[in-house]
Amino acid sequence: MRFDTVIIGGGLAGLVCGIRLAQSGQRCAIVSRGQSALSFSSGSLDLLSHLPDGQPIDTFDGAIAHLQQHHACHPYARLGADQVRHYAQQAQTLLADCGLALQGDVDTPHQRVTPLGTFRTAWLSPLEVPVKTETHQHTGVVGISGFLDFQPQLAAGALRKRGIDAHAEEIDLPLLDRLRDNPSEFRAVNIARLLDAPEHYNALYEALLPLSQHYAMLYLPACFGLTDNSVFTRLNQQLACPLRLLPTLPPSVPGMRMQQLLQQAFIRSGGNWMPGDEVLRADIAAQRVTQVWTRKHEDIPLRARNVVLASGSFFSNGLVAGRDGVRETVFDLDVLQSAQRQEWYRDDVFDSQPWQQFGVQTDAQLHGLRRGNAVNNLYVIGSVLGGFDAIAQGCGGGVCVVTALHAAQQISAQGGEQ
């Protein structure tokens, strides 16, 4: 099978790259092994909040300049501040066009409220996620009876430490009794499949109405809105106070909604979605990928002018750690890593761990390196890249979309070139 571009990985980076390429007229395929890390995310995206030494960034341009001077392997250091900002702004438009209603902007990061009642810097967040600037003094943190993936007492206690008059409450929804019988089924996604149904709206509204008359704002676990935010919008129109939603333990409803909307946008744009498949190996000749082989298609290789590796990090098995080191699993690309195993980690589990910055090495154009040489039609994007700590530096979502759009731009600019 022939394509203009084959993308390996159907998470945030792979989907954003695929959407942009399909929109530009490319015949594009995404090979996706299964549920991506996006489904387990909060639905918020971060761009950059801290430098590698742990210091909060002062200005965005200054932070990128620091990375270029002291951390040249960071993906942002390769692109520079102007390009990172340009692609981030493009991403905001692309995500909105895909039906994702998000708050935030490149130059105005916000502090979102987490399910633990803390604040975390974010670049973009779903409209239903509460942010620090709109916190109200008298806030009800509402749990659902029997639902263990969100602890309102814990969140309310943490918010009180931050000066917010927050109190834990609980609602009982008998319509969820069939889920309560099996604790493994009583999860946010399964609850959402019931609460999203129009016939169950009144039960949810009537449970929340008395609380909304007592508090200035309500926080509820994100247990509805798998496909859209219509229930959230309707509740905010009818309740006596504003309602906001906090993502639960993964898989999270906002993350799954983002995954589904991006996937649908890719297919609508003409992309070929290959779910439940896995790239097993690839042929490389003259520093070019000539074909890739997948588990489902066995004797029929996928051939493309360009290949994009968006396979994810350790969580998605894009990287695998063995006794002798860390390897990239499809092309055996060069991996940025510490030579000695004892240098992979620090004793304090709360420290930024060195292994979190392990990942594929590339040239300045994000071509993957193999034995020190660039594979000229292979681009590497997203969390499989090395040189950054997505969590400690607060840049995971940003690296995914920025590198995805950079690769798409370079591929589209090739036109008819081979």
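Because the structure is predicted, anything quoted here is derived from the model rather than measured. Sequential numbering from 1 along the given sequence is applied to the chain's residues.
A donor-acceptor pair under 3.5 Å is formed between the side chain of Ser42 and the backbone N or O of Ser44. Side chain of Gln337 to backbone of Ala339: no donor-acceptor contact under 3.5 angstrom is found. Remark: the backbone N or O of Gly11 is not paired with any side-chain donor or acceptor of Gln259 at under 3.5 angstrom. Under a 3.5 Å cut-off, the side chain of Asp334 and the backbone N or O of Gly372 do form a donor-acceptor pair. Remark: the backbone N or O of Asn229 is paired with a side-chain donor or acceptor of Thr233 at under 3.5 angstrom. Asn236 places a side-chain N or O within donor-acceptor distance of the main-chain N or O of Phe232, the cut-off being under 3.5 Å. Without hydrogens or angle criteria, Trp344 side chain to Ser338 main chain gives a donor-acceptor distance under 3.5 Å.
With no hydrogens or angles considered, a side-chain donor-acceptor pair links His74 and Gln393 at under 3.5 Å. Defined by atom type and a distance below 3.5 Å, a donor-acceptor pair is present between the side-chain atoms of Asp389 and Ser352. Donor-acceptor pairing under 3.5 Å is lacking for the side chains of Asp61 and Thr59. Arg20 and Gln90 form a side-chain donor-acceptor contact under 3.5 Å, judged by distance and modelled atom types alone. Remark: the Asn377 side chain and the Gln287 side chain contain no N/O donor-acceptor pair separated by less than 3.5 Å. Between the side chains of Thr227 and Gln260, no donor N or O sits under 3.5 Å from an acceptor N or O. For Thr133 and His110, the side-chain atoms include no donor-acceptor pair closer than 3.5 Å. Using a 3.5 Å distance cut-off with no hydrogens or angles, the side chains of Asp277 and Thr294 do pair a donor with an acceptor.
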Subject >> Worked check of side-chain hydrogen bond (donor to acceptor under 3.5 Å, both in side chains) between Ser125 and Gln103 >> reply: CA-CA 5 Å; Ser125 292; Gln103 55 186 321; 5.3 Å; no
Subject >> Ser252/Thr248 under side-chain hydrogen bond (donor to acceptor under 3.5 Å, both in side chains): CA gap, chis, key distance, verdict >> reply: CA-CA 6 Å; Ser252 84; Thr248 64; over 6 Å; no
**OP:** Decide salt bridge (charged side-chain N to carboxylate O under 4.0 Å, His left out) for Arg288 and Asp283; before the verdict, give the C-alpha distance in whole Å, the side-chain angles of both, and the deciding distance to 0.1 Å.
**Re:** CA-CA 8 Å; Arg288 294 183 66 85; Asp283 297 334; over 6 Å; no
Original post:
What do the steps show when you test Asn306 against Gln26 for side-chain hydrogen bond (donor to acceptor under 3.5 Å, both in side chains), and what is the final call?
Top reply: CA-CA 11 Å; Asn306 290 285; Gln26 288 247 334; 5.6 Å; no
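Closest approach of Arg370 and Asp332 over heavy atoms only: CG-O, 4.0 Å. Counting all heavy atoms, side chain and backbone alike, Thr121 lies closest to Gln111 at OG1-NE2, 2.6 Å. Contact detail for Arg78 and Leu366: the closest heavy-atom pair is CD-CD2, 4.3 Å. Shown here for Thr403 and Pro75, the closest heavy-atom pair between the two residues is CG2-CB, 4.1 Å. Closest approach of Gly276 and Arg295 over heavy atoms only: O-NH2, 2.9 Å. In terms of heavy-atom proximity, Leu173 sits nearest to Ala203 at CD2-O, 3.8 Å.
Salt-bridge check for Asp4 with Arg303: failed, with every basic side-chain N at 4.0 Å or more from each acidic carboxylate O. Under a 4.0 Å N-O distance rule, the pair Arg244/Glu134 qualifies as a salt bridge.
For the pair Arg234 and Tyr201, the cation-pi test (distance below 6.0 Å, angle within 45°) is passed. For the pair Arg27 and Phe3, the cation-pi criterion (under 6.0 Å, within 45° of the ring axis) is fulfilled.
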Pairs of donor and acceptor atoms involving the side chains of residues 142-149, under 3.5 Å and at least two apart or interchain, shall be tabulated with distances.
| unit_1 | atom_1 | unit_2 | atom_2 | d |
| --- | --- | --- | --- | --- |
| Asp149 | OD2 | Arg187 | NE | 2.5 |
| Asp149 | OD2 | Arg187 | NH2 | 3.1 |

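Residue Ile391 places its CD1 atom among 12 or fewer non-hydrogen atoms of other residues, nucleotides or ligands, all under 6.0 Å distant.
Looking at Val399, Val402, Ile57 one by one, the single match for side-chain contact (heavy atoms from CB on, under 4.5 Å) with Leu48 turns out to be Ile57.
Ring-plane geometry between His367 and Tyr379 is classed as tilted, the angle between the planes lying from 30 to 60 degrees on a 0 to 90 degree scale.
For Phe40 and Phe315, the ring centers sit closer than 6.0 Å to each other.
Residue pairs that meet the salt bridge (Lys or Arg N to Asp or Glu O under 4.0 Å) test with at least one member in residues 256-275, sequence neighbours left out, are Glu128-Arg257.
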